[in-house]
Every structure is written in structure tokens, then in C-alpha cells.
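Below: the structure, in C-alpha cells.
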Amino acid sequence: MEIYLKPSVRFVSLARRFVYDVYTDILKDADLAWRLGMATHELLENAVKYGEDGGMTLRVTTETIQGKDALVLTVSNVASQENARILREAFAEMATFEKPSDYYDMLMTRASTRDEGSGLGLGRICTEANMSLSCQIDSGNVVCIRAMTPIG
Amino acid sequence: VETIQIKDLKDRDFSTQTQQDGAVITVHMKGNWDMNAVAPLDEFTRAVQTQARQLKVERVVLQMSEVEFINSSCLKSFARWLGQVSKSGQDPYTVTFRTNLPWQRRSLEALKALAGDKVTIES
């Protein structure tokens with residue numbers, strides 16, 4: 001499944017519901033579909049908040065990774081130079097944590113005193129959706145974030 | 001006897017209904033709490049916190065079973081509140097999240113870690 005969306009707040013919840021409905025039907029696993037929908041929502045909201053005008057692409061595929069079937073969610077968009085830098089730093093910080101739950105606990109504590117933004121989205125995907133995350137940013141600041149979870 | 005005076009949220013997509021019964025404030029939350037709900041929820045939780053202090057309640061109950069979704073920015077409003085509940089002597093009450101939705105429990109467990117035994121999660 002691949003959807004191209006204008007970066008609008010109103011499309012985010014619509015996309016989450018669509019992904020949830022479609023993958024509840026396909027996977028016959030409401031919890032996995034909810035986790036996929038939540039990750040969709042958080043990544044699209046980040047793309048709306050921090051992306052440049054131009055659009056965002058949502059893709060959900062199944063892939064075989066190291067011999068196991070996996071569900072892969074990809075959101076791509078163009079970010080500003082500054083937001084691309086912030087994203088690189090967020091992923092670098094995430095990589096310093098061995099356990100996703102420790103990372104999320106740290107983000108939650110930080111969020112409790114933070115003025116702007118929550119900074120919780122990536123940690124929430126790792127922990128609550130139990131999905132592993134990776135990020136690629138090319139020279140044109142095209143950001144591509146992949147969230148992956150095993151299926152079956 | 002002082003009773004709670006709070007302006008509930010009534011949006012097309014999300015709403016609250018607040019009531020007080022003695023030393024307990026109960027907030028029924030409904031709907032889809034996405035980016036449009038962030039600022040209203042932040043203001044609302046601050047108002048509930050202020051009222052809970054003024055009325056010297058023992059417990060605030062957040063009924064979440066009719067919440068379709070809550071985004072991470074809205075979770076932050078609870079994180080701010082619970083962070084203060086855990087540290088401040090001005091917030092001597094407990095906060096209870098009530099839900100029967102498995103996905104919500106994951107979010108709420110992360111919040112509970114902020115305030116330990118001053119937060120409970122019930123079905």
C-alpha cells in the first residue's frame with residue numbers, strides 16, 4: 001500500500017484509521033493493526049510538523065528480513081536543514097540506549113518539563129508499537145523513516 | 001462546600017465531561033485526541049490540577065475507555081501534570097486512569113513510571 005498525502009493535520013487521523021481498518025482485515029490481528037496505525041499517526045504528525053511543504057508518502061509493505069516476515073511502515077518527506085539535523089540527533093541518541101523502554105522512560109521524564117513539542121513519538125513507536133526504527137536522510141534532506149515489526 | 005468549576009471540552013472530535021463526587025473528581029474523556037486537541041488538553045489538565053488543589057480532593061479519575069486515540073503530544077500534557085504530582089507537595093491526591101483498552105495500558109504504564117504509587121491504572 002502506498003499513499004501520497006498533502007502535509008495536513010486533518011489527513012493524519014484519517015490515514016491512521018484507514019491503515020488500522022485495512023490491516024485489521026488483512027492481518028486478522030487487531031493489536032498489530034493498532035500498533036501499525038499508531039506508528040502511522042506519529043510519523044505522519046512529525047512529517048506535518050517538521051516537514052517542508054510538498055507532501056509525504058506513506059508506504060506499508062511486507063518484507064522478508066533475515067528469513068522472517070516483517071511488516072514495514074515507511075514515511076518519507078522533505079525536511080528543512082535544521083529539522084534534518086534534529087532528526088539525526090534524535091536517532092543518534094536513541095542508538096545509545098540498549099532497551100527501547102529505557103529510552104522511552106527518559107523521553108517521558110524529559111517531556112514532563114519540556115515547553116515545546118513532546119519528543120515522545122519515536123520512543124512511543126519503539127516501545128508501545130514494539131517496532132524498530134531506522135532513518136535515512138539524503139543530500140536533499142529527503143527523510144525516510146522505516147518502522148518494522150515481525151509478523152507471524 | 002466548594003464544588004468543581006471547570007469548562008469541559010466539547011469539540012467535534014474530542015470531549016470531556018467532568019464531575020465531582022465528594023473528594024473525587026472524575027473526567028470522562030471521549031474521542032480522537034490528535035494535534036488539534038493538544039492545546040485544549042494542555043489547558044484542561046492545568047485547570048483540573050488547579051481545581052484538585054483548591055478543592056483538596058483525594059483522587060482524580062480519568063475514564064479513558066471511550067478514547068479512540070491519543071497522540072504523543074497529548075500524552076505530554078499528562079506527563080507534565082504527573083511529573084508535578086510526583087514531586088510537588090501541592091498535589092497530594094492520586095490520579096487513576098481507568099480503561100479496558102489494551103493499547104491504552106501501554107501508554108499509561110509509561111506515564112505511571114513518572115509518578116509511581118501516586119498513579120494507578122484500573123480496568
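Every chain is numbered from 1 and lettered A, B, ... according to where its sequence line falls, protein lines coming before strand lines. Quantities reported herein were computed from a predicted structural model and do not represent experimental measurements. As a basis for the values below, the full set of heavy atoms in this structure was taken, side chains included, without hydrogen atoms, waters or symmetry mates.
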Give the cluster check for [X] versus [Y]: same hydrophobic cluster or not, with ILVMFWY residues linked at side-chain heavy-atom distances below 4.5 Å.
X      : Y      : value
A/V22  : A/I3   : yes
A/Y50  : A/M94  : no
A/L5   : A/V143 : yes
B/L111 : B/V38  : no
A/L44  : A/I86  : no

Checklist entry - Closest approach of A/S112 and B/A79, non-hydrogen atoms and distance? => result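 That would be CB-O, 3.2 Å.
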
Item to check | Minimum-distance pair of heavy atoms, taken over all atoms of A/E128 and B/S107 | outcome: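 Closest approach of A/E128 to B/S107: OE1-OG, 2.6 Å.
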
Item to check | Contact leader toward chain A among B/E109, B/M35, B/R80, where contacts are heavy-atom pairs under 4.5 Å | outcome: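 Highest number of heavy-atom pairs under 4.5 Å: B/M35.
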
Next on the checklist: Please identify, among B/L82, B/N71, B/D34, the residue contributing the most non-hydrogen atom pairs under 4.5 Å to chain A.
Outcome noted: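 Option with the top pair count is B/N71.
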
What's the spacing between [X] [atom1] and [Y] [atom2] if we round to 0.5 Å?
X     : Y      : atom1 : atom2 : result
A/L14 : B/N32  : CG    : CG    : 9.0 Å
B/C74 : A/L120 : SG    : CG    : 11.0 Å
A/E42 : B/S72  : CD    : OG    : 3.5 Å

Does [X] [atom1] have over 12 foreign heavy atoms under 6.0 Å away?
X      : atom1 : result
B/K10  : NZ    : yes
B/Q54  : CD    : yes
A/E2   : CD    : yes
B/E43  : CD    : no
B/K112 : NZ    : yes

Item to check | Criterion side chain to side chain contact (heavy atoms under 4.5 Å, CB included) on B/N36 and A/R10, from CA distance to verdict | outcome: CA-CA 9 Å; B/N36 292 322; A/R10 59 192 286 263; 5.9 Å; no

Checklist entry - Can you say whether B/I70 sits under 4.5 Å from chain A via the side chain, the backbone, both, or neither, judging by heavy atoms? => result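 Both backbone and side chain.
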
Next on the checklist: Under a 3.5 Å distance rule, please check whether B/K76 uses its side chain to pair with a backbone N or O of A/M108 as donor and acceptor.
Outcome noted: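 No, the answer is negative, given that no donor and acceptor are paired below the 3.5 Å cut-off.
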
Any heavy-atom pair between the side chains of [Y] and [X] that's under 4.5 Å?
X     : Y     : value
A/K49 : B/S73 : yes
B/E68 : A/R16 : yes
B/F69 : A/M38 : yes

Checklist entry - Taking the six-membered ring for Trp, are B/W103 and A/W34 parallel (under 30°), tilted (30 to 60°) or perpendicular (over 60°)? => result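 Rings of B/W103 and A/W34: parallel, as their planes differ by under 30°.
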
Checklist entry - Quick one: of A/G37, A/S101, A/G117, who has the most non-hydrogen atom pairs under 4.5 Å with chain B? => result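 Going by pairs under 4.5 Å, I would pick A/G117.
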
Item to check | chain B contact via A/N130 - which portion, at a heavy-atom distance below 4.5 Å | outcome: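 No part of it gets close to chain B.
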
